[in-house]
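Throughout, protein chains are lettered first and strands after them, A, B, ... in sequence-line order, and every chain is numbered starting at 1.
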2 protein chains.
Amino acid sequence: MTRRTPTGAAVLQPTVTQAITEAVLDELAEQGYARLSMEAVAKRAGVGKSALYRRWSSKQEMAISVISEFSMEQVTVPDTGSLRGDLRAALDTLMKWLTHPRFSRIMPDLVAEVARNPELGEAVETLVGMPKRERVAAMFQRAIDRGELPQDTDLELALDLLAAPLYWRLVVRSAEPDPAYMDNLTDALLRSLTNPS
Amino acid sequence: MTRRTPTGAAVLQPTVTQAITEAVLDELAEQGYARLSMEAVAKRAGVGKSALYRRWSSKQEMAISVISEFSMEQVTVPDTGSLRGDLRAALDTLMKWLTHPRFSRIMPDLVAEVARNPELGEAVETLVGMPKRERVAAMFQRAIDRGELPQDTDLELALDLLAAPLYWRLVVRSAEPDPAYMDNLTDALLRSLTNPS
DNA sequence: TATGGACGATACGGTACCGTCCCATCGAGA
DNA sequence: TCTCGATGGGACGGTACCGTATCGTCCATA
């Protein structure tokens with residue numbers, strides 16, 4: 001009943017897995033989620049289709065697995081000591097994220113596909129949305145502790161105000177990342193958060 | 001050389017065209033742009049594939065044509081007399097737009113597809129983005145004329161701040177349209193636009 | 001040195017489409 | 001009444017995939 005562990009070269013090779021992962025991400029960026037093809041992935045990775053099905057049992061499983069593991073360089077939100085500095089740093093980080101050649105091309109497809117694919121939605125939310133929101137929430141909490149923001153600051157709204165404009169501009173409207181725009185956006189954010197109604 | 005106009009029943013029937021258009025939009029909402037299929041459209045419209053190819057020469061042409069004509073009920077931005085009133089009304093209108101059962105399901109796909117399909121991008125920009133932005137810009141201009149906003153208000157930024165948060169929340173994060181959220185968003189927008197830096 | 005499963009390659013049956021073509025039928029206007 | 005092209009239906013060749021199966025080869029460890 002108990003299978004002894006395989007020996008010798010008879011074990012999944014990490015370099016092959018890596019090549020496949022890269023190919024999936026490239027194909028995803030190039031063709032989109034709906035047009036992802038096992039044959040194209042295998043060809044691009046220089047690998048037999050067998051290598052794919054030895055690791056995952058279906059296309060959907062492979063795609064979700066690869067996307068889940070795609071974390072990118074850790075996105076940090078530095079503690080600059082002031083809300084303005086933190087805000088600007090967070091915006092810069094977010095912009096780097098949204099202009100990352102791979103991520104920026106894959107993200108819109110995922111957003112569209114998630115509406116039809118709850119399983120994919122889970123993967124995206126858990127590994128892209130959640131950790132990021134937590135870090136930014138911590139940033140706002142620091143500002144509250146410093147007295148720069150009122151105790152009853154609406155964190156949900158603050159998070160949206162921070163992330164939405166850049167996403168809208170870079171991804172939806174695909175406009176260029178004007179540096180002056182970033183300054184104006186930072187100012188506008190500060191005003192909307194700190195001034196009394 | 002000159003073909004005389006056809007007579008009798010030998011003319012494209014508007015009711016058939018309408019049925020096809022509806023079917024395309026339904027399929028687009030259900031399956032997405034990449035998975036749109038001529039066979040499915042014909043079946044859904046209760047129509048032969050011939051009827052499709054009699055009107056358009058390819059799938060791409062059909063899709064773009066239908067999307068271009070899909071205008072929705074005219075989106076108006078009422079003149080309430082105050083910036084706050086106009087802002088809130090514009091947000092309500094935008095929300096109605098983004099929760100419209102058909103539009104909200106088609107939009108994310110278009111955003112994703114536009115990155116790979118410049119021709120489609122043109123259609124979307126011309127018939128969805130542009131007219132809407134013009135109307136909102138007029139709204140801001142009224143506020144400037146009334147003295148509620150400074151002369152040098154950054155209209156580009158203002159437009160982004162208005163549209164982005166709702167799009168982000170409703171489409172990208174697919175959260176619920178909390179009514180209190182709308183009030184807080186209105187306040188935040190007012191602060192970011194009107195208070196001095 | 002023997003082993004056992006991963007490896008690339010490829011054939012396979014099955015399904016889903018695209019775009020073309022042909023058909024018999026229909027019906028509003030000349 | 002006659003005309004002529006639109007109509008729904010569907011066969012067709014061609015392509016692209018999915019997921020399975022079957023090769024002979026390779027190789028790190030027991």
At what angle, to 10 degrees, do the two end axes of the helix from C:dT1-D:dA30 to C:dA30-D:dT1 meet, given five pairs define each axis?
-> 10°

Whole angstrom value for the distance that separates P of C:dG4 from CG of A:Leu12 | 17 Å

From CD of B:Glu61 across to C1' of C:dC18 the rounded distance in Å is 15 Å

Smallest separation among heavy atoms of [X] and [Y], with atom names:
X	Y	value
B:Pro131	B:Glu125	CD-O, 4.5 Å
B:Leu161	B:Ser192	CD1-OG, 3.8 Å
A:Leu87	A:Leu193	CD1-CD1, 4.4 Å

Which ones in residues 48-60 of chain B lie close to DNA chain D, meaning a heavy atom under 4.0 Å from one of its atoms?
-> B:Gly48, B:Ser50, B:Ala51, B:Arg54, B:Arg55

Which residues, if any, of residues 28-44 of chain B bring a heavy atom under 4.0 Å of DNA chain D?
->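 Contacting residues: none.
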
Could you go through the salt bridge (charged side-chain N to carboxylate O under 4.0 Å, His left out) check for A:Arg88 and A:Asp92 one step at a time?
-> CA-CA 6 Å; A:Arg88 183 52 198 255; A:Asp92 282 341; 3.4 Å; yes

How are the rings of A:Trp97 and A:Phe103 set relative to one another: parallel (under 30°), tilted (30 to 60°) or perpendicular (over 60°)?
-> parallel

Hey, are B:Gln60 and B:Tyr33 close enough side-chain-wise for a donor-acceptor pair under 3.5 Å?
-> yes

Under-4.0 Å salt bridge between A:Glu156 and A:Arg133 | no

Check whether more than 12 heavy atoms from other residues, nucleotides or ligands sit under 6.0 Å from atom CD of A:Glu176, and answer yes or no.
->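 It does: A:Glu176 CD has more than 12 such atoms within range.
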
A:Ser174 side chain to A:Val171 backbone, donor-acceptor under 3.5 Å | no

Which of these passes side-chain hydrogen bond (donor to acceptor under 3.5 Å, both in side chains) with A:Arg44: A:Glu27, A:Glu39, A:Glu22?
-> A:Glu27

